[in-house]
Structure formats: structure tokens, C-alpha cells
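Working notes, structure below.
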Amino acid sequence: MDTLQLIKNQLLELIQGIESHSTNQTEIIVLTYHTEKSFELLAWLKAQQSYPQFYLNFRDKMQKIVALGKVRTFSSLTAAQNFLQHSNVPLLGGLTFYSQAEFFLPRILLTEQANKLTIQLFVDQANSLSEEICQLLNILNTFTKTTALEPINQSIRLLGKKADQQQWCDWVESALVAIRQGILSKVVLANETLFEAEKNLNAVDFLAESEHANFGCYHFLFAEDQQKIFVGSTPERLYHRQGQQLHTEALAGTALRSEDEHFNRSQSDWLLHDEKNTYENQLVAEGLKQSLAPYATSIRLSEPELKPLRLVQHLKRNIFVQLVPDCRDDLCLQTIHPTAAVAGLPKQSAVEFLQKTENFDRCHYAGTLGIMEKSQAEFCVTIRCAFIENNKIRVFAGAGIVEGSIPLLEWQEIERKALGLISLLQEEQ
Ligand SMILES: C=C(O[C@H]1C=CC=C(C(=O)O)[C@@H]1O)C(=O)O
Ligand SMILES: [Mg+2]
């Protein structure tokens, strides 16, 4: 018998014994099974049919999670947090750029940590047990299946950009006017670019390829259904919280990076000392410090360091925060998101400027996705991302506009950032 079938049998046994777990106190029953890692999570995900689907490969630890189905959904942060206060389960999801909350408790969660795999099944005692078991069995139908990952060597054609170079540079000019008038000190303008592939693109294959090429990133996939799949490989952490210790970062300021080490070093030297880029980064660090100050007993900022990626490099400062005892994730998310790395400063004025200037819906671009539990949480910032809809791919990229920004250079910066994903496909000229 193959390993997946063996695991499935163990899960079915757990489900059979579910009655012994049900109590009047706990709202959610969690059935947990531990095993060795024996299959590729992405190949498994590719074969699954249940939605929503969620995948997150963490940047700084050997951990990946994949989840299917939903037991509960929360469209408000407060409701999600209240639920966590009395349930010892994780919630997945996050916020869109404009802070719409989308959290859910999945039906099944697989956590791979080093070479161990933990499988959790969730059952809601508020519903009929037979109906819940039915849902679980449904999801487990395809549990033993994996589909081999395939290369995505397809060619794509540019269909259009929401703003062409001229229009986008005009947006930057108007941002610079608002900056000179003192209305803003920074705003992060973005663009959306639409491509068409020859045939339907498989989002999991696309992500697998990005995971392979785009080192130093969180890799994520979030699909509410099979039509519209949000994927990306982001270098940016929103925060990691362990108890009351929170670790966030200011990631902003960009230079080029290539395969030429000599060129990379000269770009690094330039970036570390460039006035506009260090200021761009400093504003993000200041924004984070200001927003967290009311909820922190201490905040420590590290010196700027480089964050090298495949095609670009950034300035990054680590920020270590000790939170006051009653500060929870709903408050952390509300306060931190959207940071000045994706919105601007002052936050509210920057968000309003973007709302009236950009001619597309940011949706999950520059939002946040992650996992939160009562004891810990980790969220990434969803940049370097795309929506995949059949054979269409919509890519998003933005750049921080500050005093000293040159519109054409900022345009080149967003085009380069979009290449992180787009260069995985062959663009027809
Ligand atoms: C907003 C994006 O990048 C942010 C993160 C790192 C560097 C940035 C910059 O230098 O402008 C941006 O603040 C994006 O990639 O869409
Ligand atoms: Mg920049």
C-alpha cells in the first residue's frame, strides 16, 4: 500500500473514533496525526479539488502549510480574534490592501516542518456531526492523489497595463506635488499588467517554479475557487509574533541584482549609501515604530542590511518589539497594515491618495496573508504576486515615491519587480 493510502487509513480511523472527542465544552474538535514527510505538498495540492486552497512556504524557517476547505469564515478581524480567544486552533487568511478581512478555519491543514508532517482535521461541534463527517470524507476523497509538477515553459503575450509609462509617470508627478505640499511624505504607487498565455496556466506549477527560482521569499497561494488563484513570492514579512514578542521589518529601497557578482556589489554599495533609498527605508521604519509605540514596552531597530533577491536587492531593517500584555493580532494587524512599504506616510492620506489615483483594484496585492493562533502568528506582505485566471495572468508591482524620486527610474523599478514572476514565462516581444 502506498504511503498516502496508509495515512488516509489512519485519518479514517481517527474520524471513526470522533465520538470519543466530542464534548460540550470545545466548539471545534481537532483530530491530529503525525507522520514523516513522504510526499511533495505542491504535487499533492495540484491534485486536490476542494476549495478554498491555501499554501504558505515560510521565508525564514523550514515550514510549509497547505490547507483545504473551510469550517468557519470570518470577514471581520474582531470576530476572528474573538474566536481565537476561546479556541485552540489556527486561522488562515489575512487582509486585502484596503483592510478587508478574510480569515478561515480550514477543514484540513497539513504542516510540514523539517522532515515531519502534521495533519489536522477540524470538526465544528456547532453543526450536525454526520454532516461534518460527510464534509471531511468528501475532502479526503482525493487525499491519496498527487499530480506531478510540470515545467511552465509557455510563451505569454502582453495584453496591456492599467497605466502606460506616461500615465504612471504622471501619477508619480502628482505624488511629488502632494509631497512638496506636505500632504504626504511617501506614497507607494503600483501598476497592474495583464498577460495572456498560449494555454491555461496551472497556478501550482507556476508557484513551484517561482519557489525554485525566487530564493529568500515567502511563497503563497490562495484560491477561493479554481477560477481565480492568487500566487506570489514575496521577500517581505509583515510580522512574526511569539507570545508578546513581535518581529517586523522595514523593507524598502531597491537596486538591481543579476548573476554578475561584481555588478551586484557595486549596486549594493550604492544602495546602502543612496540618499533617496535610505530615506525611503527610514520612513517605513519610522512608520512602524510610530504605529507600534502605543502597544509596546520596548522597540529595537537594527542597522540597515541588504536583502538580495534574484533580480533586485532591497534595504531591510529588523524591528524587535515587546508588546504590552493585552495586545493581540487584531490590534497588531490593524496598526501595522498597510505599512509605508506598500501604502505610504501618513498612512491615511497615502491610502486616500492611492484610492483616488490608481485605476485598478489592488485587492490582495499589498495585502497580507498568514496564520494566526492565540500563542503565535506570522504574516507576509503580499507583493511580487499575480492572479492567475485560466490563461490570463495579472501581475502587480509598486514603488515607494518620496522626495527625490525620478518618475522614469521608479517606472523601471516596478517593471523590474514584476519580472520576478513574469520572467518565469517567455514573453513574446
Ligand atoms: C511595493 C512593492 O515593493 C516594496 C517593497 C520593497 C521595496 C520597495 C521600494 O523600493 O519601492 C517597495 O516599498 C512591490 O514590489 O510591489
Ligand atoms: Mg523604491
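In listed order, ligands and their atoms are each counted from 1. As the structure is a computational prediction, the values presented were derived from the model and not from experiment.
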Could you tell me whether E280 and ligand 1 have an N or O pair separated by under 3.5 Å? yes
Distance only, no hydrogens: is a donor on one side chain within 3.5 Å (strictly under) of an acceptor on the other, for Y239 and D329? yes
Under 4.0 Å from a heavy atom of V188: which atoms of ligand 1 are those, numbered in the order shown and with their elements? 1 (C)
Is F396 near ligand 1, meaning one of its heavy atoms is under 4.0 Å from it? no
Can you see whether N202 engages E150 through a side-chain donor-acceptor pair at a distance of less than 3.5 angstrom? no
Using the six-membered ring wherever Trp is involved, compare the ring planes of W44 and F143 and label them parallel, tilted or perpendicular (cut-offs 30° and 60°). perpendicular
Identify, for atom 2 (C) of ligand 1, the protein heavy atom at the shortest distance, and state residue, atom and that distance. G398 O, 3.4 Å
Tell me, which protein residue and heavy-atom name are nearest atom 8 (C) of ligand 1, and how many Å apart are they? K417 NZ, 3.2 Å
By ring pair (Phe, Tyr, Trp, His ring centres under 6.0 Å), F195 pairs with (sequence neighbours left out) none
In Å and rounded to the nearest 0.5 Å, what is the CD to SG distance from Q244 to C332? 8.0 Å
Give, for atom CZ of F215 and atom CG of L309, the distance between the pair rounded to the nearest 0.5 Å. 6.0 Å
Measuring to the Mg ion (ligand 2), does E410 have an N/O/S atom at a distance below 2.8 Å? no
So which of the N, O or S atoms of E280 lies nearest the Mg ion (ligand 2)? OE2
Give a yes/no verdict on whether any heavy atom in A190 is under 4.0 Å from an atom of ligand 1. no
Look at atom 12 (C) of ligand 1 and say which protein heavy atom is nearest, naming residue and atom and giving the distance to 0.1 Å. A341 O, 3.4 Å
Suppose I only count heavy atoms of A397 and a 4.0 Å limit; which atoms of ligand 1 are within that range? 16 (O)
Check: G400 N/O within less than 3.5 Å of ligand 1 N/O: yes
E286 and Q282: side chain donor to acceptor below 3.5 Å: yes
Of the side chain and backbone of I414, name the one, both, or neither that has a heavy atom under 4.0 Å from an atom of ligand 1. neither
Return yes if some donor-acceptor pair links the side-chain N/O of H337 with the main-chain N/O of T96 below 3.5 Å, else return no. yes
So, of the N/O/S atoms that E413 has, which is the nearest one to the Mg ion (ligand 2)? OE2
Residue, atom and distance of the protein heavy atom nearest atom 3 (O) of ligand 1 read R384 NH2, 3.1 Å
N/O separation below 3.5 Å, G253 to ligand 1: yes
Report the C-alpha separation of L201 and L425 in whole Å, then their side-chain angles, then the decisive distance to 0.1 Å, and conclude whether the side chain to side chain contact (heavy atoms under 4.5 Å, CB included) test is met. CA-CA 10 Å; L201 258 177; L425 298 153; 3.9 Å; yes
Measuring from non-hydrogen atoms of E413 to any atom of ligand 1, is the shortest distance under 4.0 Å? yes
May I ask you to check whether T142 and Q49 show a side-chain donor-acceptor distance below 3.5 Å? no
Classify the side-chain pair E378/Y218 by whether it contains a donor and acceptor separated by less than 3.5 Å. yes
Could you check atom 1 (C) of ligand 1 against the protein and tell me its nearest heavy-atom contact, residue, atom and distance included? Y365 OH, 3.4 Å
Protein heavy atom at shortest distance from atom 10 (O) of ligand 1: T254 OG1, 2.5 Å
